[in-house]
Amino acid sequence: MTVQVLDVGKETVDYLRDESRKEGHAEKIVFPESRNEVVESLQMATQKGWPVTLQGSRTGITGGCVPEGGLILNLSRMNAVGEVEDRRLSVQPGALLSDIYSVAQAEGLFFPPDPTETTASIGGMVATNASGARSFHYGSIRNWIQALEVVLAHGETIRIERGVHQAKGLDFQLGKIKGTLPRLKIPEVKTAAGYFVKPDMDLVDLFIGAEGTLGVVTEIIIKLWPLPKKRVGLVSFFPSEEEALDFVIFLREAGSSISPIAIEFLDDQSLELLRQTPSDLLELNPDFHTAIYFEYEGDVPNIVVEKAGEAIDCWIAESDHELDVLKQFRHAIPEAINQLIADRKRVKLGTDMSVPDGQLKKVMQLYRKGLAEAGLEYVIFGHMGNNHVHVNILPHSLAEVETGKVLYLDWAKQIIKMKGSISAEHGIGKLKIEFLELMQGREGIHKMRKLKQLFDPDRLLNPGNLF
Ligand SMILES: Cc1cc2nc3c(=O)[nH]c(=O)nc-3n(C[C@H](O)[C@H](O)[C@H](O)COP(=O)(O)OP(=O)(O)OC[C@H]3O[C@@H](n4cnc5c(N)ncnc54)[C@H](O)[C@@H]3O)c2cc1C
């Protein structure tokens, strides 16, 4: 045995939680430094019957890496980043997004997925099918994964490559595992809710977004893209939400030649929170009600410049430094929310749902009405290009937490009726199981469990995630 098995105690107590603030429990923890040590750890867990919880950087917000007893398998020390070859980069799962950005940039390339939090690990991002602002144009991380190496629960290693390992209809074989994929309801919107399956699929996609329930990702080959010669970031401030939403619809509908690569939204409460957060970032005038951040690669089309001119004000960032300031401005919101929730010692109630284009205004009305009637404090921000905002309820009391939960459940039901997804990018983890069941029905959950059983017959991996 080469991997060191540690008892979970005072020094390792941080490994019992993630950014959701959910707290778990575990007896043992390992920090493998190689695939062999992952295999060894899994074989030991199988022998002892320990459940295993996988961890990357623990920036997840659905409790996915929060353990429910047994062994924590933390992959942060497997963080090597290889060399770029033919716009491909091989990385270990613990590599941080910030490290990948640096290596790619040195080669005049970039990695399009940008889930805001650059300390996230690539293994965690693969497991949650993460996305971010630029996913409006570039799609989720799924589009940028060429191949995976995965260690299955009993220690078998499989390598799966896009374009090579594919299902035949719904039948598939991977290593020694042969099976039939279930038919599941997958909405035609941005989604990270449960297993991704479709006939003739690339089997690598089965593991992307599976939240560590099918195997441990131990190596990833990512695809990179040429760095654009020019990037321009803009923030337009509107006097009302209605006008801001009309601007989003204009950006989306005026044709692909003027479409930006990102469209982000900050509501009046987000701007208010930023005004109250001590920072030397840009100053927000009191008449700014709602903000839309949007980004271009290359020049901003004239028609957009004219339309943006109708807003109260528009900030433009063209240099790397100016773009960084705008990014920090955007990132300051989830960070301020997390701080506020931590200060209030409350759980975070944050939505992650998306709807089809035609339902954008309807879903915003649904949120506003529910929040106003319940009298809750909140902020709404997020990836408006994909009709995907995060409504963050900021409860003052346990009673408000309960009111917020009831509201959240009602929204989930309405969003399923609108053919949306109950999780667009954060995944289900341990906090949204009820919503996944609403979306997939009991039968869908049963089919997913059966699929998991093929890869993990003793149900050792990430118990409590998804179902
Ligand atoms: C301020 C802030 C902003 C954020 N913004 C975004 C955003 O814009 N978009 C977005 O998508 N997310 C966002 N997130 C959420 C989070 O950063 C992502 O979910 C991220 O992908 C998690 O990566 P991680 O390394 O921290 O994973 P963890 O939190 O450690 O784990 C997440 C899940 O992946 C599993 N896992 C981890 N490593 C492996 C592995 N090697 N093999 C198999 N399973 C594994 C875990 O078991 C768990 O289920 C944000 C988080 C914060 C704190």
Side-chain angles (χ1 to χ4, degrees), residues 15 17-22 24 32 35 38 42 51-68 72-79 91-98 113-136 140-142 148-153 190-192 207-220 262 264 327-328 330-339 341-342 348 350 352 381-383 386 388-390 392 423-431 455-456 461-466:
Y15 295 94
R17 48 183 174 250
D18 69 0
E19 287 286 336
S20 70
R21 303 189 55 73
K22 181 176 168 62
R35 170 170 35 89
V38 171
L42 290 176
V52 181
T53 300
L54 312 178
Q55 292 186 341
S57 294
R58 295 181 295 108
T59 71
I61 27 202
T62 61
C65 71
V66 175
E68 290 190 342
I72 299 172
L73 201 157
N74 182 296
L75 292 134
S76 57
R77 291 192 195 158
M78 281 179 71
N79 58 1
V91 288
Q92 285 189 319
L96 303 186
L97 185 57
S98 51
D114 61 338
T116 318
E117 181 52 69
T118 55
T119 63
S121 77
I122 185 77
M125 289 172 60
V126 168
T128 54
N129 189 28
S131 17
R134 290 196 293 249
S135 304
F136 175 61
S140 70
I141 196 171
R142 184 183 300 291
L148 292 177
E149 177 186 84
V150 179
V151 180
L152 303 179
K190 180 175 172 187
T191 184
F207 294 86
I208 301 171
E211 302 196 32
T213 58
L214 301 180
V216 187
V217 175
T218 47
E219 193 183 332
I220 303 119
E264 298 280 297
K327 287 256 155 77
Q328 282 175 45
R330 160 69 179 80
H331 190 49
I333 297 166
E335 287 198 325
I337 293 168
N338 288 351
Q339 190 54 52
I341 293 287
K348 190 164 127 171
D352 178 35
F381 71 95
H383 317 297
N386 298 108
H388 165 214
V389 290
H390 303 298
N392 283 270
S423 173
E425 66 179 8
H426 295 158
I428 303 300
K430 298 181 177 71
L431 301 182
F455 292 94
D456 178 15
L461 287 181
N462 275 1
N465 277 11
L466 295 184

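In each ligand, atom 1 is the first atom listed, and ligand 1 is the first ligand listed.
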Original post:
Asn465 and Thr213: side-chain donor and acceptor closer than 3.5 Å?
Top reply: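 The criterion, which ignores hydrogens and geometry beyond distance, is not satisfied for Thr213 and Asn465.
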Original post:
Using a distance-only test with no angle check, is there a side-chain donor-acceptor pair under 3.5 angstrom linking Thr59 and Glu117?
Top reply: no
Subject >> Heavy-atom nearest neighbour in the protein, as seen from atom 25 (O) of ligand 1, with distance rounded to 0.1 Å >> reply: Ser121 OG, 2.6 Å
**OP:** For atom 10 (C) of ligand 1, find the nearest protein heavy atom and state the residue, atom name and distance (0.1 Å precision).
**Re:** Ser131 O, 3.1 Å
Look only at interatomic distance and state if [X] has a nitrogen or oxygen under 3.5 Å from any nitrogen or oxygen of ligand 1.
X	result
Gly60	yes
Val216	no
Glu19	no
Asp18	no
Glu425	yes
Arg330	no

Is it the side chain (CB and beyond), the backbone, both or neither of [X] that lies under 4.0 Å from ligand 1, heavy atoms counted?
X	result
Pro115	both
Thr128	side chain
Asn465	side chain
Thr53	neither
Ile61	side chain

Original post:
Taking the non-hydrogen atoms of Gly215, is any one of them nearer than 4.0 angstrom to ligand 1?
Top reply: yes
Original post:
Leu75 near ligand 1, heavy-atom distance under 4.0 Å?
Top reply: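 Distance cut 4.0 Å: Leu75 passes for ligand 1.
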Rounded at 0.5 Å granularity, tell me how far [atom1] in [X] sits from [atom2] in [Y].
X	Y	atom1	atom2	result
Leu148	Glu219	CG	CD	9.5 Å
Gln328	Ile333	CD	CD1	13.0 Å
Leu461	Leu54	CG	CG	5.5 Å
Asn386	Ser131	CG	OG	7.5 Å
His426	Thr128	NE2	OG1	8.5 Å
Ser423	Ile428	OG	CD1	5.0 Å

Which of the atoms of ligand 1 are close to [X], meaning less than 4.0 Å from one of its heavy atoms?
X	result
Gly212	43 (C), 44 (N)
His383	8 (O)
His331	1 (C)
Gly64	47 (O), 48 (C), 49 (O)
Ala130	11 (O), 21 (O)
Pro93	41 (N)
Pro334	1 (C)
Glu211	49 (O)

**OP:** Determine, for Glu19 against Arg58, whether the closest basic-nitrogen to carboxylate-oxygen distance falls under 4.0 angstrom.
**Re:** no
Original post:
Do Arg330 and Glu264 sit within salt-bridge range, that is, some charged N less than 4.0 Å from a carboxylate O?
Top reply: yes
Subject >> Donor-acceptor contact present, side-chain Asp114 to main-chain Thr116, <3.5 Å >> reply: no
**OP:** Look only at the side chain of Asp456 and the backbone of Leu214, and say whether a donor-acceptor pair between them is shorter than 3.5 Å.
**Re:** no
Subject >> Given Leu75, Val217, Ile220, the one that forms side-chain contact (heavy atoms from CB on, under 4.5 Å) with Ile122 >> reply: Ile220
Original post:
Would you call the rings of His388 and His383 parallel, tilted or perpendicular if under 30° counts as parallel and over 60° as perpendicular?
Top reply: tilted
Original post:
Which option out of Thr59, Thr218, Asn74 puts a heavy atom nearest to atom 15 (C) of ligand 1?
Top reply: Thr59
